[in-house]
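Each residue takes its place number in the sequence, starting with 1.
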Amino acid sequence: MRFINPYPYGHPPRNEDLQRALAASSRGQLIDGGDRALAELDRAALEALGPALEIFEDKPYFDERCRAPRRQPQLGIVLAAEGGPAGRVDLYPENRSIYWRGLDWKQWCGWAELRDDRALLEWLAAHGVPEPLEDVTRWNSEEGERARTEWRKAIPPNLKGPWCGPVDRLLDPWHMLEAAAWIRQAGANMRKARGLLEWYGAGSGPFARRPDYEFLPRLLLGRFSGEDLQRALQSQPSDQMLAGAGRYILDAGPLSPGAHAGYVEPIDARLREAIVGAVRRLASGEDADLLRERLFPAPFVPPEHTALVGASSTLHLRRPVADGNAVVAVDFQDIVRLEGGARTVLGKLLGDAVLAVRNGRLLVGKGGGVQELDARGNVVAVHPAVTPEQAAAARAITAAWSAPAAAPALGEPLGPTPEEREAFEALAHLGLGAPPSARAVGRDHLEAGGRAIVRRGEAGAPPRRIALPGRAALLTFSASHLVLALDAGGACRIAWVEEGSDVLRLSPPIRIAPRALRFLLATDDAALLGVDLDAGEVVLRVGMACADVERPGRP
């Protein structure tokens, strides 16, 4: 099985990439899933890290998702050389894997498996992160062996097979997927659903830090709907079955409106309360409280200082572009327009993707060419497929304005995303050239710690430093408009650096955690935010209030 990379860039994982980056680095930072620095790394620490990051190059790379909050990388290492950033590695030690992210686009096509995951765990423990090693030690102790024995005993008799054997096979993610494929041949019925729920509830690991094999029942329960779960739990369910249903819902992560309607709404209120109670008795009060929020979600109310532009029906909007106060994006297989709280379907995504908006018209790639759609989704113009000469010219234009410049140590270049590159290349293909703001992209960097923006300006001009009144969230910025989300302690502020100047404008504090932001777009007088509020992705419009002008300087 081979992971299909959603990003068209990169190559299979290679040890030489990692070793070259480590050799070129003089220092680094160990960070958590929110990009907060956990430890500073010197040259000796990076030399000790090299052997721990050896990977299997002969094994197929795989898409092994982490289990950190909101699917963020659990741990990461940011590398810096004397001349600027040298790379970044995201670590998934509980899955024995790593992911090379790179600085501009994904250099690798997926995840890679470590040769010696114990070495990485010991290195992390020696540098202030002992939890992964503690987890592995726990599950390899007598306590872990007893937990695995009880878990194997809970496997439904009609689902037992040859894969139920050695523990080391249960811990192999490849074998886990093979086991799931083998079990699926048994078919689905209510007796199997009850057994799977009982099995899921038999796991003894904490909800947030459990061994990999305890996720196997979830792969098998995916074929059952909320109505199936309701019927399976009707007849005298045990606490273990109810806890299994709770684990299933918790492990699903934030639920979109569609997923909530399919999996939660069919379960009546009495059973929901019973599920929460079982989780509280068998797991923890914290997990029960999180589950209650998921089972009984409060109606969504836009935060103060914002207006609701629209909501996704699938939790995840792809390739969003701003069109005035509206957002046009791909929502599963629909091309949608979100404006004023309404969601309008403009058409189906048959191939390629949304590219850009020009003069109120949406540019959509179709079969190598470009179609222009009006606000109702009607095709008003068709541009032929690009010729090789036009493609080369478009790539030259985008390369000219997106060429990275040397960044400060540990700095993060605010370069264009692959989607922005494709959109601007499409504009160049149509003879429109790159947007004016694109000239600044690639020459601006976020300084270490997210405390300032370093403006490189035109060639030969000295750098200018614009201080930020808070830490910027690296995952939420609009590169082409130089808009960033600032961490305001349980809330965020939107900082807007005006094009062609060093003036910093700020929004009032918004009661949204920066980590909940999915994307950020800029318009003339506002910012458009994609926000995950555990009830489906929504898009908010935030007015940019003119605050006191913050002049360049050190904080």
Side-chain angles (χ1 to χ4, degrees), residues 7 9-10 13-53 55 66 68-93 97-108 111-112 114 120-121 123-129 131-132 404-415 417 442 444-454 465 468 470-477 479 484-487 514-515:
Y7 302 96
Y9 310 99
R14 299 184 305 203
N15 278 306
E16 63 179 284
D17 295 330
L18 293 167
Q19 301 308 321
R20 186 185 303 112
L22 287 172
S25 303
S26 57
R27 56 193 176 279
Q29 285 182 334
L30 181 60
I31 61 176
D32 65 7
D35 283 351
R36 290 181 291 270
L38 302 178
E40 298 291 333
L41 307 175
D42 56 17
R43 183 62 203 157
L46 297 179
E47 290 178 353
L49 176 62
L53 291 185
I55 64 171
C66 68
R70 301 187 187 278
R71 299 183 181 272
Q72 295 296 313
Q74 187 170 12
L75 295 168
I77 298 173
V78 179
L79 304 173
E82 295 300 332
R88 170 172 171 160
V89 180
D90 290 331
L91 308 176
Y92 303 80
S97 59
I98 62 176
Y99 181 37
W100 173 261
R101 187 166 80 169
L103 293 173
D104 195 7
W105 58 79
K106 315 292 185 181
Q107 292 193 7
W108 281 3
W111 282 248
L114 294 165
L120 175 60
L121 300 177
W123 184 90
L124 290 171
H127 292 84
V129 185
E131 292 82 2
L410 294 180
E412 183 89 5
L414 303 184
T417 65
D444 299 274
H445 298 81
L446 199 63
E447 197 178 72
R451 294 292 182 180
I453 303 172
V454 178
R465 189 175 187 276
L468 300 174
R471 184 184 183 281
L474 296 182
L475 297 183
T476 53
F477 61 78
L484 304 101
L486 302 181
D487 191 338
R515 289 187 63 187

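To the nearest 0.5 Å, atom CG of residue Leu38 and atom CG of residue Asp32 are 5.0 Å apart. Between Leu468 atom CG and Arg451 atom CZ the span is 9.0 Å, to the nearest 0.5 Å.
With sequence neighbours left out, Glu47 forms a side chain to side chain contact (heavy atoms under 4.5 Å, CB included) with Arg43. For Arg14, the salt bridge (Lys or Arg N to Asp or Glu O under 4.0 Å) test picks out Asp17, with sequence neighbours left out.
For the residue pair Gly50 and Leu22, the shortest heavy atom distance occurs at CA-CD1, 3.6 Å. Taking each heavy atom of Leu46 and Ser25 in turn, the nearest pair found is CD1-CB, 3.8 Å.
Using a 4.5 Å heavy-atom threshold, the side chains of Leu79 and Arg88 count as separate. With contacts defined as side-chain heavy-atom distances shorter than 4.5 Å, the pair Leu49/Leu120 qualifies. Side-chain contact between Ile98 and Asp90 is absent, with no heavy-atom pair separated by less than 4.5 Å. Side-chain contact between Leu484 and Ile453: present, with at least one pair of heavy atoms (C-beta onward) separated by less than 4.5 Å. With contacts defined as side-chain heavy-atom distances shorter than 4.5 Å, the pair Leu446/Val454 does not qualify. Within the 4.5 Å cutoff, the side chain of Leu30 has heavy atoms near those of the Leu124 side chain.
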ask   = How far apart are the C-alpha atoms of Leu75 and Ile31, what are their side-chain angles, what is the distance that settles it, and do they pass the side chain to side chain contact (heavy atoms under 4.5 Å, CB included) test?
value = CA-CA 6 Å; Leu75 295 168; Ile31 61 176; over 6 Å; no

request  = Begin with the C-alpha distance, continue with both residues' side-chain angles, and end with the deciding distance and a verdict on side chain to side chain contact (heavy atoms under 4.5 Å, CB included) for Leu41 and Gln29.
outcome  = CA-CA 5 Å; Leu41 307 175; Gln29 285 182 334; 5.9 Å; no

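Using modelled atom types, one side-chain atom of Asn15 and one backbone atom of Ile55 make a donor-acceptor pair closer than 3.5 Å. Without hydrogens or angle criteria, Trp123 side chain to Ala45 main chain gives a donor-acceptor distance under 3.5 Å.
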